[in-house]
Amino acid sequence: MADLRAALTGVPTTVAAAPSRPLRAEALLAASLLTPALLLVALLLLVPLLWLVWQSVRQDGGFTLAHYARLFTDPAYGATFLQTFRISAIVTLACVVLGFPVAWAAAESGPTLRTLILALVVLPLWTSVLVRAYAWIIVLQRTGLVNSALEALGVIHRPVILVNNEFGTIVATTHILMPFVVLPLYTTIRTIPREVLAAAASLGGTPAFVFTRVYLPLSLPGLLSGASLVCVLSLGFYITPELLGGGRTYTVSMLIARNIALYDEWGAASSVSVALLACIFLIFFLAGRIVPIDRIVGTR
């Protein structure tokens, strides 16, 4: 039978069956190499997440949904989530508006100026978030650089309150998260073919038309990637609103910390954490509906 099959196909039986063994061996080797990494991810990510969910539905040793019900019945929880999302939205919008010109300038400049711009963007990442938060306190306080300069110019006659409020939190958070918009947006802009822009202009397109109909859509994956990342990071910020908020800015991360540190309410803190995590997944889902998620993360 083997000889007949070989005669009909023209391929020796041993040659036709040979590739299956190396493929199986290669698959086993790949699985064995991936297993330690998968176990590590499960240990460091999935196990704490499952423990968090388990804590959020337990009280006095039994099952309960009271912690989740408090998210909808307690006005303080709703106000905290509302303020957190408002700050996140403002910071994301500010980073996009301020970061787009910087990314464009870096992409369109020569090698020397491009290196300088990117160095200035990346340099703050080498400094601790805590140090940058204290630096903004010095800059924005009543006797800080901003108020002193405005008084010297005659713009104001008494110091303006720029810190210990939501405004100071937004300014400092925007400065800290700006590189996370500029860098992916710069990478995307660099891949835009200049021939496409030249063709649109040669066909009579005005600069505004070329920007809105050609340049902006082609840069949308990087823009959306950076905006999503900034939005998610700002939702979990703790040090900056704690220091620059002055007790007047209360975010979800601070609510979680207070539930554990002051009240030892692990169930309440876990339910808030799970709700925040669900909101983050929803943000990525909505972003993926606009631009495919593989383009957002840069895999295509």
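Around atom CG of L120, more than 12 heavy atoms belonging to other residues, nucleotides or ligands sit under 6.0 Å away. Residue F63 qualifies as enclosed at atom CZ: its count of foreign heavy atoms under 6.0 Å is above 12. The number of heavy atoms from other shown groups lying within 6.0 Å of CZ (R86) is above 12.
Residues V57 and H67 are not in side-chain contact: their nearest non-hydrogen atoms beyond the backbone lie 4.5 Å or more apart. Side-chain contact check for S234 versus L177: some heavy-atom pair is nearer than 4.5 Å. Counting heavy atoms from C-beta outward, I176 and F237 have side chains that approach closer than 4.5 Å. Inter-residue side-chain proximity for L216 and L220 is flagged as unmet; no heavy-atom pair is nearer than 4.5 Å. Contact check for M178 versus V121: no side-chain heavy atoms found under the 4.5 Å cut-off. For the pair L243/W136, no side-chain contact is recorded, criterion being any heavy-atom separation below 4.5 Å from C-beta on.
Taken from CZ in F180 to OG in S228, the straight-line distance is 14.0 Å, to the nearest 0.5 Å. Summarising the geometry, atom CG belonging to L244 is positioned 7.0 Å from atom CG belonging to L140; distances are rounded to the nearest 0.5 Å. Atom CE of residue M254 and atom OG1 of residue T249 lie 7.5 Å apart, to the nearest 0.5 angstrom. Going from atom CG of L185 over to atom CZ of F100 covers 5.5 Å, rounded to the nearest 0.5 Å. One distance of note links CG of L38 with CG of L33; it measures 11.0 Å at 0.5 Å rounding. With rounding to the nearest 0.5 Å, the separation of CG in L183 from CG in L125 is 7.0 Å.
Residues I239 and I260 share a hydrophobic cluster, clusters being chains of Ile/Leu/Val/Met/Phe/Trp/Tyr side chains in contact below 4.5 Å. Linking Ile, Leu, Val, Met, Phe, Trp and Tyr residues whenever their side-chain heavy atoms come within less than 4.5 Å leaves F281 and L233 in two separate clusters. Using a 4.5 Å cut-off between side-chain heavy atoms of Ile, Leu, Val, Met, Phe, Trp and Tyr, with links allowed through other members, I189 and L197 fall into the same hydrophobic cluster. Residues Y238 and Y77 share a single hydrophobic cluster, defined by chaining ILVMFWY side chains whose heavy atoms lie under 4.5 Å apart. Linking ILVMFWY residues whenever their side-chain heavy atoms come closer than 4.5 Å, directly or via other members, places F72 and I256 in the same cluster.
Closest heavy-atom contact between L98 and V102: O-CG2, 3.4 Å. The minimum heavy-atom distance linking V214 with A200 is given by the pair CG2-CB, 4.0 Å. For G205 against F209, the heavy-atom pair with the smallest separation is CA-CD2, 4.0 Å. Between C231 and I283, the shortest heavy-atom contact is SG-CD1, 3.7 Å. F167 approaches L162 most closely through the heavy-atom pair CD2-O, 3.5 Å. Among all heavy-atom pairs drawn from G222 and T188, the shortest one is CA-OG1, 3.1 Å.
A distance-only check finds a donor-acceptor pair linking the side chain of R132 to the backbone of P124 [under 3.5 Å]. Side chain of N147 to backbone of T143: no donor-acceptor contact under 3.5 angstrom is found. Side-chain N or O atoms of N165 include one that pairs as donor or acceptor with a backbone N or O of G168 at under 3.5 Å. Listed for the S271 side chain is a donor-acceptor partner under 3.5 Å among the backbone atoms of A268. No donor-acceptor pair closer than 3.5 Å links the side chain of S88 to the backbone N or O of T84. Listed for the Q83 side chain is a donor-acceptor partner under 3.5 Å among the backbone atoms of Y250. Between the R58 side chain and the S56 main chain, no donor and acceptor come within less than 3.5 Å of each other.
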Task: Chi angles and distances behind the side chain to side chain contact (heavy atoms under 4.5 Å, CB included) call for L93, V97 - done: CA-CA 6 Å; L93 180 62; V97 172; 4.1 Å; yes
TODO: Tell me, with the steps shown, if C279 and F85 meet side chain to side chain contact (heavy atoms under 4.5 Å, CB included).
DONE: CA-CA 10 Å; C279 293; F85 277 93; 3.6 Å; yes
Open item on the list: side chain to side chain contact (heavy atoms under 4.5 Å, CB included), that's the test. Do L116 and T112 meet it? Break it down for me.
Closed with: CA-CA 6 Å; L116 177 62; T112 303; 5.9 Å; no
- [ ] With side chain to side chain contact (heavy atoms under 4.5 Å, CB included) as the test, would you mind laying out the steps for L277 and L52 before giving the verdict?
- [x] CA-CA 11 Å; L277 186 61; L52 196 69; 5.6 Å; no
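Salt-bridge annotation for R194 and E108: present, with a side-chain N of the basic residue lying under 4.0 Å from a carboxylate O of the acidic one.
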